[in-house]
Amino acid sequence: MTEAPRCRFAPSPTGFLHVGGARTVLFNWLFARQRGGSFLLRVEDTDLDRNQPELVDDILRSIEWLGLGWDGEPVHQSANRDRHLEVAEALVAAGHAFWSGWQPAQGSGPPERRATDRDAGLGPGEGRALRFRVPDGGATTFTDLIRGDVTVGHADIEDFVLVRANGTPMFLLANAVDDSDMAITHVLRGEEHVNGTPKYLLIQAAMGPTVRPTFAHLPILVDEQRKKLSKRKHAVAVSDFEAKGILPEAMVNYLALLGWGPPDGIEVRPLAELVELFRLEDVNSSPAFFDVKKLEAINGDYLRALPVEDFLGRVEPFLEHGERSRPVLRELGAEVQTRVRTLADAEGYVDFLWRDEPEIDEAAWAKALGRDERAAPMLDATIAEWEAAPLDVDALKAAMERAALAAGYVNAEGGPQLGKAQAPVRVALTGRTVGPPLFESVVALGRDRTLARLREARRRL
RNA sequence: GCCCCCAUCGUCCAGUGGCCCAGGACACCGGCCUUUCACGCCGGCGACACGGGUUCGAAUCCCGUUGGGGGUGCCA
């Protein structure tokens, strides 16, 4: 009896695709794919004044970037206007809707629900909107796959607007009509739509026999203040994460973990497995915090799982100085790969190799060179040793061990404290306290530049 | 105000009456490995909001309280 479901994502082109929307896309996509159904796109552009058509491209692009393809061509809701208005007229004819100049009173006190002119028999006209005649008694109940039964009393629903005074259909009308016409079987959308669902259902009921979809309202995504994520207040556009160097597969993987979790607890896994394991019924009903730290941790896992060549290929578009970073990255690629959390981080680990001067981090300088009286002798000894040492990792290391002993970096057993001794040299060469392994870096830097930087640091002391 | 929804570690998720004095992941803190950092490994900290029921037995069921969120637009 399980027919192939028909799902849809219905973005409105009033902003970029943000992570909340992306999560909604993902869950629709997972659900449709796993049951062999279809996933459709419908651009909800009923409000001409607010539309920004160019945003449609951004939204579609972001969905493609995530790798979540849709079926068929995206539908533009504005193209169905005549159909929406035709239904509206039928609703009037059947007594389910009426033209009205009424506007609910503002301010305190119990809100007005019923239009005072609902029985006035008005026709369309200046300042008149078409409103739905909400039944006085009774209630509408629907079953939400995630939340169970939700009931709203008709007395709590106002005579809501179907068609604006300017003649354009409202979202609720268009939504109910299009879903019906597109034979949508499952509406998976954000929790903010729960309250609108009874109205949607009231419209469909008044339309006569229609395909009544099953609903599932996904928990919203919130910020650290537990407020709904908004494009206004937060940098949460999917394209921002793309620009930061988050891999789409990591993004999708992380998104799947908000409101749901695989039964075996293995969180990082390929999309194909998520399709397999995903169960809409197991989706949580409480809001989820979008944790960038965890996203980046997962991104790091994906980055490290890549063959080095692939990793370098992915880093490529993020290089600001490709000409110079590229050869160096080719040499130190694997070292950089284990350290990086986003693709945009990569270049920062190697830029000291091609800059004329390392960019000295003052805090690092103070810590490794400023406060350590052994720093000066260490630099001197290192310069002396490295002037003569062969330029290979083992020889450089042995040479530095001798320098460390000479400079007083001696451990309890009388051996060299290589870790400690390395700090001033590292900062002198790279400007930082962290980075790829030192001797490998020296090989890449070359003898002349290495010595020059050590001497320069020594001068500064 | 009114309506709706929600409530397990700081965060995300597991747990659907006994396997739970609650498990995993991120974060954090230690340790190991080690040429720094990172990776990896080991360990630690850390939660069933509260109060009543139901039951031999409740994180799990019911009621209430409190707290949070969403909606309440001629936006979507």
Side-chain angles (χ1 to χ4, degrees), chain A residues 10-15 44-47 49-50 77 100 103-104 107-111 113 127-131 144 146-148 150-153 155-158 160-168 170-172 174-175 189-198 217 219-220 222 224-228 254 257-268 282 284-298 300-301 304 335-341 349 368 393 396-397 400-401 404 416 418-423 425-427 430 432-441:
Chain A
S12 74
T14 53
E44 310 248 305
D45 53 355
T46 51
D47 187 349
D49 296 341
R50 276 166 234 264
Q77 194 160 55
S100 167
Q103 301 214 12
S108 55
R113 308 286 190 197
R128 288 187 194 152
L130 188 72
R131 287 180 179 271
D144 187 299
I146 293 171
R147 280 149 224 282
V150 178
T151 300
V152 178
D156 293 316
I157 301 175
E158 76 285 2
F160 55 93
V161 172
L162 297 170
V163 179
R164 301 181 181 86
N166 71 5
T168 58
M170 290 284 287
F171 144 81
L172 233 22
N175 214 241
R189 45 161 29 168
E191 183 184 347
E192 65 269 25
H193 293 287
V194 173
N195 283 277
T197 304
H217 289 96
I220 52 165
V222 297
E224 43 285 292
Q225 263 73 244
R226 299 252 122 209
K227 299 286 188 197
K228 183 170 131 186
Y254 175 63
L257 267 18
L258 292 176
W260 178 79
D264 58 11
I266 299 173
E267 297 186 325
V268 178
D282 293 337
N284 267 152
S285 42
S286 45
F289 171 65
F290 186 83
D291 186 354
V292 177
K293 280 241 183 90
K294 183 152 181 171
L295 200 215
E296 292 185 347
I298 289 176
D301 286 343
R304 264 171 257 118
E335 300 294 352
V336 172
Q337 190 177 10
T338 63
R339 267 154 258 258
V340 130
R341 291 202 138 196
Y349 281 97
V393 171
L396 288 168
K397 182 178 177 186
M400 180 179 253
E401 283 171 349
L418 201 52
K420 284 258 169 45
Q422 215 191 110
V425 175
R426 174 182 293 282
V427 174
T430 73
R432 296 167 209 180
T433 54
V434 304
L438 224 212
F439 310 121
E440 283 80 348
S441 298

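Residue numbers begin at 1 in each chain, while the letters A, B, ... track the order of the sequences. Below, each value reflects all heavy atoms present in this structure, side chains not excepted, and no hydrogens, waters or symmetry copies.
At the heavy-atom level, A:T433 lies under 4.0 Å from base atoms of the strands shown. At a threshold of 4.0 angstrom between heavy atoms, the contacts of A:P436 include nucleobase atoms, whether or not backbone atoms are also involved. Using a 4.0 Å heavy-atom cutoff across all strands shown, A:T168 reaches no nucleic acid atom at all. A:R304 comes within 4.0 angstrom of the backbone, heavy atoms only, and of no base. Using a 4.0 Å heavy-atom distance criterion, A:E440 is classed as a base contact. Residue contacts for A:N284: at a heavy-atom cut-off of 4.0 Å it reaches the sugar-phosphate backbone alone, with no base atom in range. Counting non-hydrogen atoms under 4.0 angstrom, A:F171 reaches a base of the nucleic acid. Within 4.0 Å of A:T338, counting heavy atoms only, lies at least one base atom of the nucleic acid.
Taking the P atoms as reference points, B:rA7 lies 23 Å from B:rG53, given to the whole Å. Across B:rC9 and B:rG23, the matching C1' atoms stand 11 Å from one another, rounded to whole Å. Using C1' as the reference atom, B:rU66 and B:rG51 are 10 Å apart when rounded to the nearest Å. The P atoms of B:rU11 and B:rA49 are separated by 12 Å, rounded to the nearest whole Å. For the P atoms, the distance linking B:rA38 with B:rC26 amounts to 15 Å, nearest Å. Taking atom P in both B:rU55 and B:rG68, the straight-line distance is 34 Å, to the nearest Å. Using C1' as the reference atom, B:rC21 and B:rG46 are 15 Å apart when rounded to the nearest Å. One P atom belongs to B:rG15, the other to B:rU8, and the distance between them is 14 Å to the nearest Å.
Applying the salt bridge (Lys or Arg N to Asp or Glu O under 4.0 Å) rule to A:E296 yields the partners A:K244; only residues at least two apart in sequence or on another chain are considered. Partners of A:T14 according to the side chain to side chain donor-acceptor pair (under 3.5 Å) rule, which considers only residues two or more places apart in sequence or in another chain, are A:S12. A:K397 is linked by a side chain to side chain contact (heavy atoms under 4.5 Å, CB included) to A:E401, A:L418, A:F439, counting only residues two or more places apart in sequence or in another chain. With sequence neighbours left out, the side chain to side chain contact (heavy atoms under 4.5 Å, CB included) criterion links A:V161 to A:A129, A:R131, A:M170.
Nucleotide B:rC32 forms a Watson-Crick or G-U wobble pair with B:rG40, both donor-acceptor distances falling under 3.5 Å. With a cut-off of 3.5 Å on both pairing distances, B:rC48 has no Watson-Crick or G-U wobble partner at all. Using Watson-Crick or G-U wobble geometry with both donor-acceptor distances under 3.5 Å, B:rU72 finds its partner in B:rG1. Pair assignment for B:rU60: none, as no Watson-Crick or G-U wobble contacts are both less than 3.5 Å. Using Watson-Crick or G-U wobble geometry with both donor-acceptor distances under 3.5 Å, B:rC26 finds its partner in B:rG10.
Under a 3.5 Å cut-off, the side chain of A:T430 and the backbone N or O of A:V427 do not form any donor-acceptor pair.
Each of A:I266 and A:R128 was assigned the nucleotide of RNA chain B with the nearest heavy atom; the assignment lying further toward the 5' end belongs to A:I266. With the nearest nucleotide of RNA chain B identified for both A:G419 and A:L258, A:L258 has the one nearer the 5' end.
Inspection of the A:T46 and A:R164 side chains reveals no N or O donor paired with an N or O acceptor under 3.5 Å. For the residue pair A:T168 / A:N166, a side-chain donor-acceptor distance below 3.5 Å is found, with atom types taken as modelled.
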- Item | Protein proximity profile, nucleotides 26-33 of chain B - base contact B, sugar-phosphate-only contact S, no contact -, cut-off 4.0 Å on heavy atoms | SS------
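With respect to A:H217, the side-chain hydrogen bond (donor to acceptor under 3.5 Å, both in side chains) criterion is satisfied by exactly one of A:R147, A:H193, A:R189: A:R189.
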Please list, pair by pair, any protein nitrogen or oxygen found under 3.5 Å from a nitrogen or oxygen in nucleotides 62-73 of chain B.
unit_1, atom_1, unit_2, atom_2, d
B:rG69, OP1, A:K227, NZ, 2.6
B:rG70, OP1, A:K228, N, 3.1
B:rG70, N2, A:N195, OD1, 3.1
B:rG70, N2, A:N195, ND2, 2.8
B:rG71, OP1, A:K228, NZ, 2.9
B:rG73, N2, A:R50, NH2, 3.1

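Listed nucleotides: B:rC13, B:rC4, B:rC75. Nearest to the side chain of A:A288: B:rC13.
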